[in-house]
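Quick caveat: nothing in here was measured; it's all calculated off a predicted structure.
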Amino acid sequence: MMDRIMKVLPQDVVIYIFLMLPVKSLLRFKCTCKTFCNIINSSTFIHLHLHCSNDELILFKHSIKQEEDDLFKNILSFLSSEENCFDFKAVSPDFDVPEVTTTSACVFVQVIGPCNGLIAITDSFATILFNPTTRHYRSIPACPFGIPKRYRRSISGIGFGYDSIQNDYKFIRISEVYEDYMDKDMKVDIFDLSTDCWRELNGQQVPLVFWTSCSEILYNNACHWFASTDDTIILCFEMNTEEFYHLQLPESCHWYDGKSDGLIIVNNCLSYIRYPDPLSDRPAEVLIDIWIMKEYNKRESWIKRCSIGPITIDTPLAVLKGDLLLLQTKNGDVIGYDLNSHEIRDLNLYGYPRSWRVVIYKESLTPIPREGDTILVKN
């Protein structure tokens, strides 16, 4: 039957039809005939399908405490937004995240991406690479590099991205190694997916990176973290060149202002969000400021999008469709704030306080290669 279809329809027409279909349907078509399977598995088709879709899906990571053993379960939920941006529906069943911590440290589990439709989930020690559409995943081996006796290590930054020159996915780990808190060395380790090995990156000066729950953003083929020099900066790592550089924050923003820092993407622009410090005595009196970098890596292009509030929150999470700001409350609820209408609603999403993370992604057929496999990415 399918072979007869291929004889009637030109391959270009078949590809055009396939590009309109969701991944679930394509996976079924792969099983019908070898020709369809070859088309759908090709790197060219996977690339075209990823970039043809305009539908934004939302991956919510949260944790729940299990009463029977006081351990925590880390859960991924996959939702889409209806025409009314405050209404969400599930697009697939929840997924229990394997291997990452089940202790109260679950509040530090980060979700990084997407990169060609793939997402990294990490607690800084255990890491998995995950396709939220196909639900395939792969564990990344722990970094084997040790430290001298009497020294300590604190992991301050994790990154994930794709090197288009080497055709390889990479993970980067930034850590502080110290004997006492006054004298710290920054170490950088990189994992190459194609070789399944970690290596050390030497020869570059790296400032002190500090962790925030709303950072570790992948944008413009670079990982982004906050770091400290004379003032707060955005530290960046370019995946192709493996070089660090930094972005300056808006001239009116300084670390001593008493606000917390976050990075989000708004209308495909890197954006900086300043929000009340949740540990402050009077956080409700402070506004949330959103700054958009209109031209990447140009400080003068920072524009203040808006100031909102006052709203008592724990952390910002993401911006959906350019105007719905998702926020996490201190109680573990998720609320939405419409940046245009200024309407605010409870989204009826609940989890362990401080455990929420959000990534906006699109459906993708991108495979997760095993050790020794060829990585299929069409640039």
Side-chain angles (χ1 to χ4, degrees), residues 99-101 103-113 120-129 140-161 170-192 197-219 222-239 241-249 253-263 272 274 277-279 314-315 354-355 357:
E99 303 187 29
V100 297
T101 181
T103 71
S104 58
C106 63
V107 299
F108 299 109
V109 173
Q110 293 289 77
V111 182
I112 307 169
I121 306 166
T122 179
D123 61 10
S124 296
F125 298 96
T127 301
I128 67 168
L129 181 59
I140 304 303
C143 184
F145 303 129
I147 57 175
K149 290 183 178 180
R150 298 188 302 276
Y151 279 72
R152 299 180 180 180
R153 184 198 301 275
S154 175
I155 298 177
S156 50
I158 299 287
F160 159 67
K170 297 176 180 179
F171 292 81
I172 176 173
R173 185 182 77 166
I174 303 174
S175 55
E176 308 165 20
V177 176
Y178 55 91
E179 188 173 15
D180 60 68
Y181 288 98
M182 300 303 295
D183 186 17
K184 296 184 178 181
D185 289 327
M186 304 301 294
K187 288 183 60 66
V188 179
D189 305 308
I190 293 178
F191 177 83
D192 300 305
C197 290
W198 286 90
R199 55 187 168 87
E200 295 178 302
L201 182 67
N202 299 311
Q204 297 189 54
Q205 292 291 327
V206 180
L208 182 65
V209 173
F210 63 89
W211 184 90
T212 74
S213 61
C214 187
S215 62
E216 299 187 329
I217 290 286
L218 176 65
Y219 179 80
C223 298
H224 298 71
W225 309 269
F226 288 110
S228 296
T229 53
D230 294 334
D231 206 341
T232 301
I233 60 169
I234 301 174
L235 179 67
C236 314
F237 180 80
E238 214 288 332
M239 282 292 167
T241 63
E242 296 190 353
E243 292 182 349
F244 286 96
Y245 60 97
H246 73 269
L247 309 178
Q248 293 181 309
L249 296 176
C253 301
H254 304 282
W255 65 268
Y256 49 78
D257 293 340
K259 289 187 176 182
S260 295
D261 304 295
L263 294 173
Y272 171 52
R274 311 203 74 215
D277 183 349
L279 301 179
D314 185 79
T315 55
R354 304 190 66 197
S355 71
R357 302 291 185 272

Output the distance between atom [atom1] ([X]) and atom [atom2] ([Y]), rounded to the nearest 0.5 Å.
X	Y	atom1	atom2	result
Lys259	Thr232	NZ	OG1	13.5 Å
Thr315	Asp261	OG1	CG	13.0 Å
Met186	Gln204	CE	CD	13.0 Å
Arg150	Glu179	CZ	CD	6.0 Å
Leu235	Ser156	CG	OG	9.5 Å
Ile128	Ile121	CD1	CD1	4.0 Å

Please tell me if the side chains of [X] and [Y] come closer than 4.5 Å, counting only heavy atoms from C-beta onward.
X	Y	answer
Ser215	Phe210	no
Leu129	Phe171	yes
Ile190	Asp192	yes
Phe237	Leu201	yes
Lys187	Phe145	no
Lys170	Phe191	no
Phe226	Leu263	yes
Phe160	Ile140	no

Throw together a table of side-chain donor-acceptor distances under 3.5 angstrom for residues 104-111, partners on residues two or more places apart or in other chains.
from   : atom 1 : to     : atom 2 : distance (Å)
Gln110 : OE1    : Arg357 : NE     : 2.5
Gln110 : NE2    : Glu216 : OE1    : 3.2

### Task
Name all residues meeting the side-chain hydrogen bond (donor to acceptor under 3.5 Å, both in side chains) criterion together with Asp185; count only those two or more places apart in sequence or in a different chain, and write none if there are none.
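Checked Asp185 against side-chain hydrogen bond (donor to acceptor under 3.5 Å, both in side chains); zero matches.
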Check your understanding: Is there a donor in the side chain of Arg274 and an acceptor in the side chain of Tyr272, or the other way round, less than 3.5 Å apart?
Key -> yes
Quick one: closest heavy-atom pair of [X] and [Y], and the distance?
X	Y	result
Cys223	Gly159	SG-CA, 3.6 Å
Glu176	Val209	OE2-O, 3.6 Å
Ser124	Ile155	O-CD1, 3.4 Å

_If the condition is side-chain contact (heavy atoms from CB on, under 4.5 Å), which residues does Leu247 pass it with, not counting sequence neighbours?_
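So Leu247 forms a side-chain contact (heavy atoms from CB on, under 4.5 Å) with His224, Ile234, Cys236, Tyr245, Leu270, Met293, Tyr296, Asn297.
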Checklist entry - Is it true that a side-chain atom of Thr122 and a backbone atom of Ala126 form a donor plus acceptor pair closer than 3.5 Å? => result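 Side chain of Thr122 to backbone of Ala126, a donor-acceptor pair under 3.5 Å: yes, one is there.
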*State whether the side chain of Trp225 and the backbone N or O of Thr212 hold a donor-acceptor pair below 3.5 Å, judged by distance alone.*
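Here the side-chain-to-backbone pair does not exist.
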